[in-house]
Structure formats: C-alpha cells, structure tokens
Amino acid sequence: MERYTGAFEEAVDGARQQERHYQLLSALQSLVKELPRCAAAGRNGRLKWPWSRPRSPRPSARSSFQQRLSYTTLSDLALALLDGTVFEIVQGLLEIQHLTEKSLYNQRLRLQNEHRVLRQALRQKHQEAQQACRPHNLPVLQAAQQRELEAVEHRIREEQRAMDQKIVLELDRKVADQQSTLEKAGVAGFYVTTNPQELTLQMNLLELIRKLQQRGCQVGKTAL
C-alpha cells in the first residue's frame, strides 16, 4: 500500500512540475516579444553586464535574437528556473554587480577630485609666481609654467586612462565570473565568452529572468 501511495505522490509531484514548467515557458514566450526593452551590444560589443538598460536594438537585430531564443532554449531555461535557485543566484549577482559598480565609480570620482585639486593648486601657484615676478622676467616664467602645466595635464590623462583600463578589466572579470556561475547553475546559453552576439543573447536571457522575478514568477507563486 505504501508503495502505491509513494508512486501516487511522485505522479502528482511530476504533474505539478510539468504544470510549473508550462507556466514558466508560456511566460518566457510572452516576454520574448518584448525584446525591444532587452539588452543589446553596444559599441565594440562591450556591454554593461548584466543589469544596465542600453538603447533598444535595431528591428533586424531584435528579430535575429528572437530567432535564437528558440523553443528549446526557452524550455531549457524554464527547467533551470523550476526550483527557484536561479532566481536567487541572479538576485545575488545583481547585488554584487551594484556593489562593484559603486566601488569603481567612487574610485574614479576620487581620482577626478584629486585632479581638480591638483589643477587648482597649480593655478594658484602660477598666479602667485606671476604677481611676484619682475616684468622683464615674466615671459620666461610663463614659458616655464606652460611646460609645467602640459606635464601635469599629461600626467592627469595617463592616470585617467589607467583608471579606465582598470575599470574595464574589473568589469570583464566580473562578466566572466557571472557567466561561469550561471553556467554551473545549469542555465541554458551561459558559458564564458567575449563574443558580442553571445553576450547579447545572454543579456536577453538575463532580462527574461529579471522580468519573471518582477512578475512574481517564482516558486510558490502562481501569478504569471
């Protein structure tokens, strides 16, 4: 008798899983039609991964990525979402991404403030030197000050360039970490890549997951 009861419970559980999968798949198919609001690759294929809201892709690009989001891809994605773990992972990635972007933004802001203070101090120094300079020595002083100003501006540009490179490398590492995490979680379409088209496909998949979260399509919730 217990054997039959266990088999019955397994059958009921399987039916619930199938219904849940059908609901998620239907919701995903509906959301695919909203791809104009999904992510698209920017200049040079570089993306703000994965949570920014870039401008809408061209209709031709939208159609291409709609075709790549096939029934099989969406069905596999729905399967990965069944137990709710992926929703939690994506939420965690979102929080880490925000912290990373905030940290990088603050670093660049501090550098900009340092450069502003440096320029102000140099300007003040030059003004005081000119006021104390004898008129016949002023041209020589001004020429020296111009060389000093150019050297400082060159230093500022180099430091800004180094900071921007650091930011890009940090974001690229973060992208790879997130791709690897989602691949290990069994989310269809995710693996470590720098291919712009594959990145855009992954962005679209993430956008679909986020929209499901916003609509309450998580385990234990029936509102789709």
Apply side-chain contact (heavy atoms from CB on, under 4.5 Å) to the pair Asn204 and Leu208, showing each step before the final yes or no. CA-CA 6 Å; Asn204 283 328; Leu208 293 176; 5.6 Å; no
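- When only modelled atom types and interatomic distance are considered, Gln120 and Gln124 share no side-chain donor-acceptor pair under 3.5 Å.
- If you chain together hydrophobic residues whose side chains sit under 4.5 Å apart, Leu205 and Leu82 fall into the same group.
- A distance-only check finds no donor-acceptor pair linking the side chain of Gln202 to the backbone of Gln179 [under 3.5 Å].
- Using a cutoff of 4.0 Å between basic side-chain nitrogens and carboxylate oxygens, Arg173 and Glu170 are scored as salt-bridged.
- Between the Glu198 side chain and the Thr193 main chain, no donor and acceptor come within less than 3.5 Å of each other.
- A distance-only check finds a donor-acceptor pair linking the side chain of Thr100 to the backbone of Ile96 [under 3.5 Å].
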Check step by step if side-chain contact (heavy atoms from CB on, under 4.5 Å) holds for Gln178 and Lys174. CA-CA 6 Å; Gln178 293 166 342; Lys174 190 61 62 179; 3.5 Å; yes
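- To the nearest 0.5 Å, atom CG of residue Leu111 and atom CD of residue Glu159 are 6.0 Å apart.
- Among all heavy-atom pairs drawn from Leu28 and Leu74, the shortest one is CD1-O, 3.5 Å.
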Carefully, step by step, assess Lys166 and Gln107 under the rule side chain to side chain donor-acceptor pair (under 3.5 Å). CA-CA 10 Å; Lys166 174 185 175 182; Gln107 290 179 42; 2.6 Å; yes
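- Here the side chain of Thr181 pairs a donor or acceptor atom with the backbone of Asp177 at under 3.5 angstrom.
- Leu171 and Leu109 are members of different hydrophobic clusters when ILVMFWY side chains are connected at heavy-atom separations under 4.5 Å.
- Between Glu158 and Arg155 no salt bridge is recorded (no basic side-chain N to carboxylate O distance below 4.0 Å).
- Leu31 and Arg215 get closest at one heavy-atom pair: CD2-NH1, 3.3 Å.
- Looking at Val152 and Ile156, their side chains come closer than 4.5 Å, going by heavy atoms from C-beta outward.
- No single ILVMFWY cluster, assembled from side-chain heavy atoms under 4.5 Å apart, contains both Val168 and Leu99.
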For a side chain to side chain donor-acceptor pair (under 3.5 Å) check, start with the C-alpha distance between Gln112 and Gln160, then their side-chain angles and the critical distance, and finish with the verdict. CA-CA 8 Å; Gln112 290 175 333; Gln160 289 176 337; over 6 Å; no
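- Separation of atoms NZ (Lys184) and CD1 (Ile89) is listed at 11.0 Å; rounding is to 0.5 Å.
- Here the shortest heavy-atom pairing between Leu77 and Ala188 reads N-CB, 4.2 Å.
- Taking a cutoff of 4.0 Å between a charged side-chain nitrogen and a carboxylate oxygen, Lys211 and Glu207 qualify as a salt bridge.
- Minimum heavy-atom separation, Ala80 to Gly186: CB-O, 3.7 Å.
- Using a distance-only test at 3.5 Å, with no hydrogens or angles considered, no donor-acceptor pair links the side chain of Asn137 to the main chain of Cys133.
- Nearest heavy-atom pair, Leu25 versus Ala78, reported as atom, atom and distance to 0.1 Å: N-CB, 3.9 Å.
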Check the pair His126, Gln142 against side chain to side chain donor-acceptor pair (under 3.5 Å), reporting the backbone distance first and the verdict last. CA-CA 8 Å; His126 286 179; Gln142 289 176 331; over 6 Å; no
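- Minimum interatomic distance between Pro135 and Pro139 (heavy atoms only, all atoms of both residues): O-CD, 3.7 Å.
- Side-chain heavy atoms closer than 4.5 Å link hydrophobic residues (I, L, V, M, F, W, Y) into clusters, and following such links, possibly through other members, connects Leu149 to Leu118.
- With contacts defined as side-chain heavy-atom distances shorter than 4.5 Å, the pair Leu182/Leu206 qualifies.
- Under the 4.5 Å side-chain contact rule for hydrophobic residues, Leu169 and Leu199 do not share a cluster.
- A donor-acceptor pair under 3.5 Å is absent between the side-chain atoms of Thr73 and the main chain of Leu69, judged by distance alone.
- A distance-only check finds a donor-acceptor pair linking the side chain of Ser26 to the backbone of Tyr22 [under 3.5 Å].
- Side-chain contact between Thr200 and Gln197 is absent, with no heavy-atom pair separated by less than 4.5 Å.
- Between the side chain of Gln213 and the backbone N or O of Phe87 there is at least one donor-acceptor pair closer than 3.5 Å.
- A donor-acceptor pair is defined here as one N or O able to donate and one able to accept, closer than 3.5 Å; such a pair exists between the side chain of His21 and the backbone of Ser75.
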